[in-house]
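Okay, structure first, notes after.
Numbering starts at 1 and runs along the sequence shown.
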Amino acid sequence: MDTPLPQLFAALADPTRFAIIERLRENGEQHIGQISEPFQMSAPAISRHIKILEQAGLVKRRTEQQKRFLSLRRECFSTLDDWIRHYREFWNDSFDRLDNYLEIRTNSGNHDATDKP
């Protein structure tokens, strides 16, 4: 599932949905009851949040007897990681060029100062 990045970021932008993702990241797969424990909201409200996370491809649900379990879809996070990596490389390259420029400027400034009488 290739979810567009804006949909992924929109799903993660809500504090409740972000907290659900963090709980799953920290604790692994959990049943819906465990996930909803810390939130002061109704079961239908939690279900709406989970549905948005599922539609974005961030989580997957499985049913075992009467319990529904939720876990992270790791492949979706690799899409986010690829996007972040692109910008990390861009900024690292930009800072490297700035460092080189400043070093050249500093060295040429020191060189000029020693040549003056």
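By the rule that hydrophobic residues join a cluster once side-chain heavy atoms approach within less than 4.5 Å of another member, Val59 and Ile32 end up as members of one cluster. Connection of Ile21 to Leu8 is established within a shared hydrophobic cluster, with ILVMFWY side chains joined at heavy-atom distances below 4.5 Å, either directly or through further cluster members. Residues Ile20 and Leu80 share a hydrophobic cluster, clusters being chains of Ile/Leu/Val/Met/Phe/Trp/Tyr side chains in contact below 4.5 Å.
Scanning all heavy atoms of the two residues, the minimum distance from Phe39 to Ile46 falls at CD1-CD1, 3.7 Å. Ile35 approaches Arg23 most closely through the heavy-atom pair O-NE, 3.7 Å. Closest non-hydrogen pair, Ser71 versus Glu29, comes out as CB-CB, 4.0 Å.
In this structure, CD1 on Ile84 lies 11.0 Å from OG on Ser78, to the nearest 0.5 angstrom.
The shortest distance between side-chain heavy atoms of Leu58 and Leu72 does not fall below 4.5 Å. Residues Asp14 and Ile52 form no side-chain contact, since every pair of their non-hydrogen atoms from C-beta on lies 4.5 Å or further apart.
In Phe9, the CZ atom is crowded: over 12 heavy atoms of neighbouring residues, nucleotides or ligands sit closer than 6.0 Å.
The aromatic rings of Tyr87 and Trp83 sit tilted relative to each other, their planes meeting at an angle between 30° and 60°.
The pair Asp81-Arg85 counts as a salt bridge, with a side-chain nitrogen and a carboxylate oxygen less than 4.0 angstrom apart. No salt bridge links Glu54 with Lys51; every basic N to acidic carboxylate O contact stays at or beyond 4.0 Å.
A donor-acceptor pair is defined here as one N or O able to donate and one able to accept, closer than 3.5 Å; such a pair exists between the side chain of Gln34 and the backbone of His31.
Test Gln55, Arg68, Arg61 against Ile50 for side-chain contact (heavy atoms from CB on, under 4.5 Å) and you get one pass: Arg61.
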